[in-house]
Amino acid sequence: GNAVTLDIHRDDELGELAREIYTLSEELEHLKNERTEFLSSVSHELRTPLTYLKGYADILNRPNLSVEDREKFASIIQEEATQLTEMVKELFLLAKMDKNQFSISKEEIPLCDFLKEIVSKLTPAFMEKNISLQLICAKDIYVNIDPIRFRQVINNLLDNARKYSSESTSVEVVVHEQKYGVSIDVRDQGEGIPEKDLPYIWERLYRVDKSRSRALGGTGLGLAIVKEIVELHGGTVEVKSVLGEGTTFTINISR
Ligand code: ADP
């Protein structure tokens, strides 16, 4: 009959079409695997705090519990619940981004003033670890950004800088005017990130050290959100890190 076979080895347009279909189906398969993997990580991640919650809630019911223990366990429950809420919030945000239901509305913002406000709000948390937090921003440059979304970007980067730094170090936010626009560095003198992990830190739920991140209240979603938001602004974000010396994240945006 007239049936044609789509053979990837054919040396004509049909072969080309067959190869394209083949590539697409491989990509689809890959995406399906990624989705399955992501879903199983999510359920694992959600189960961990839930297990703690249930465990400590059970203990609270025990008779003869001292007041101190009761308070201790209650505060653990509170922390775990907060972390769970945070993670669910971030997952929703990423899902919204995936469905293109996340919009940004840009405004002309004076960058130095904008950063100054964020930095001063975060200073008390840095003081708890005796980390000096400095903003170096010479002249006021106007940038076209969504202030609410961009605040989250800076917050996430600074939050990481604080979490992964030891006491009495310093963290700097440095703004440079560039030909293409402006760059913002967030520099810390923290533990650094192993080179082999660097390509993956932007992935959802990826953490260099799972238990350490969890203990510090991390969700493994912060950098994925940073990258999405910066890219929605038409910008880029890069990382440079030296193990044991520190990490610098650089955001580049045009004006
Ligand atoms: P988390 O909630 O675990 O901090 P992120 O997505 O914000 O998740 O970061 C992913 C991982 O990258 C972290 O778990 C940590 O291992 C590493 N990381 C991020 N920022 C830093 C930093 N400033 N210094 C060292 N490691 C970092």
Side-chain angles (χ1 to χ4, degrees), residues 34 37-38 41-42 44-49 52 79-98 102 115 118-119 122-123 125-126 128-135 149-174 183-232 236-251:
E34 262 188 0
E37 211 175 290
F38 179 67
S41 318
V42 166
H44 178 80
E45 293 286 346
L46 295 179
R47 209 173 314 140
T48 310
Y52 280 108
E79 267 168 41
E80 289 294 333
T82 306
Q83 185 158 10
L84 197 57
T85 309
E86 192 56 34
M87 178 169 262
V88 170
K89 238 171 38 194
E90 291 182 346
L91 283 169
F92 264 118
L93 187 67
L94 284 162
K96 239 166 97 178
M97 288 169 165
D98 289 346
F102 180 87
L115 292 172
I118 300 175
V119 163
L122 292 177
T123 299
F126 278 74
E128 275 175 28
K129 283 180 88 172
N130 193 29
I131 299 173
S132 90
L133 174 59
Q134 302 239 39
L135 170 64
R149 309 301 194 192
F150 222 78
R151 169 188 297 267
Q152 182 160 21
V153 168
I154 306 296
N155 266 334
N156 285 3
L157 292 179
L158 282 175
D159 200 36
N160 282 348
R162 183 184 54 78
K163 283 190 307 192
Y164 302 110
S165 290
S166 38
E167 303 237 334
S168 311
T169 54
S170 68
V171 170
E172 287 179 344
V173 180
V174 188
S183 69
I184 307 164
D185 288 344
V186 177
R187 269 190 219 145
D188 67 52
Q189 302 173 329
E191 61 197 47
I193 302 167
E195 204 177 329
K196 67 168 175 46
D197 293 294
L198 280 177
Y200 307 109
I201 57 169
W202 312 101
E203 286 178 12
R204 297 174 188 188
L205 301 174
Y206 189 87
R207 291 128 146 187
V208 176
D209 182 341
K210 240 194 171 99
S211 54
R212 180 156 167 63
S213 156
R214 247 192 73 73
L216 292 165
T219 58
L221 296 168
L223 287 179
I225 291 171
V226 163
K227 193 167 190 300
E228 294 264 1
I229 295 177
V230 170
E231 288 177 357
L232 277 171
T236 60
V237 55
E238 295 158 27
V239 60
K240 287 204 177 73
S241 189
V242 180
L243 206 56
E245 283 184 22
T247 305
T248 300
F249 284 91
T250 304
I251 298 166

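We use all heavy atoms of the structure for the numbers below, so side chains are in, but hydrogens, waters and symmetry mates are not. Read the numbers this way: they start at 1 and go in the same order the structure lists the ligands and their atoms. Predicted model, so just to flag it, every value in this text is computed and none were measured.
In terms of polar-atom proximity, defined here as any N/O pair under 3.5 Å, Gly222 does make such a contact with ligand 1. Every N/O-N/O distance between Glu191 and ligand 1 stays at or above 3.5 Å.
Nearest to atom 3 (O) of ligand 1 among the protein's heavy atoms is Ser213 OG, 2.6 Å. When hydrogens are left out, the protein atom nearest atom 11 (C) of ligand 1 is Tyr206 O, 3.7 Å; that is the closest non-hydrogen contact. Distance from atom 21 (C) of ligand 1 to its nearest protein heavy atom, with residue and atom name: Tyr164 CD1, 3.5 Å. The protein heavy atom nearest to atom 5 (P) of ligand 1 is Leu223 N, 3.6 Å. Residue, atom and distance of the protein heavy atom nearest to atom 26 (N) of ligand 1 are Ile193 CG1, 3.3 Å.
With a 4.0 Å heavy-atom cut-off, ligand 1 is reached by no atom of Arg212.
Counting only non-hydrogen atoms, the option in Val239, Asp188, Thr219 that gets closest to atom 22 (C) of ligand 1 is Asp188. When the options Ile201, Asp197, Leu198 are ranked by their closest heavy atom to atom 12 (O) of ligand 1, first place goes to Ile201. Compare Val226, Val208, Asn160, Asn156 by their heavy atoms: the one nearest to atom 19 (C) of ligand 1 is in Asn160. Around atom 1 (P) of ligand 1, the closest heavy atom drawn from Gly217, Ala161, Gly220 belongs to Gly220.
Taking the side chain as every heavy atom from C-beta outward, Leu223 and Leu157 approach each other to under 4.5 Å. Using a 4.5 Å cut-off on side-chain heavy atoms (C-beta onward), Met87 and Leu46 make contact. Here the side chains of Thr123 and Val119 are in contact, with some heavy-atom distance below 4.5 Å. Looking at heavy atoms from C-beta onward, Phe126 lies in side-chain contact with Val171 at the 4.5 angstrom threshold.
Near Gly192, with a cut-off below 4.0 Å to any heavy atom, the atoms of ligand 1 are 25 (C). Atom numbering of ligand 1 starts at 1 in the shown order; those under 4.0 Å from a heavy atom of Lys163 are 1 (P), 2 (O), 4 (O). Ligand 1 places these atoms under 4.0 Å from at least one heavy atom of Arg207: 3 (O), 14 (O). In the vicinity of Leu221, heavy-atom distances shorter than 4.0 Å reach the ligand 1 atoms 6 (O), 8 (O).
Using a cutoff of 4.0 Å between basic side-chain nitrogens and carboxylate oxygens, Glu191 and Arg212 are scored as salt-bridged. In summary, Arg214 and Glu80 engage in a salt bridge, as defined by a charged side-chain N under 4.0 Å from a carboxylate O. The pair Glu228-Arg204 meets the salt-bridge criterion, since a charged nitrogen lies less than 4.0 angstrom from a carboxylate oxygen.
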Carefully, step by step, assess Glu86 and Thr219 under the rule side-chain hydrogen bond (donor to acceptor under 3.5 Å, both in side chains). CA-CA 8 Å; Glu86 192 56 34; Thr219 58; over 6 Å; no
Could you walk me through whether Leu94 and Met97 pass the side-chain contact (heavy atoms from CB on, under 4.5 Å) test, one step at a time? CA-CA 5 Å; Leu94 284 162; Met97 288 169 165; 4.0 Å; yes
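Every heavy atom of Arg214 sits 4.0 Å or more from the atoms of ligand 1. Distances shorter than 4.0 angstrom occur between a heavy atom of Phe249 and an atom of ligand 1.
The shortest heavy-atom contact between Gly192 and Thr247 is CA-OG1, 3.4 Å.
Relative orientation of the Trp202 and Phe249 rings is perpendicular, given thresholds of 30° and 60° on the angle between their planes.
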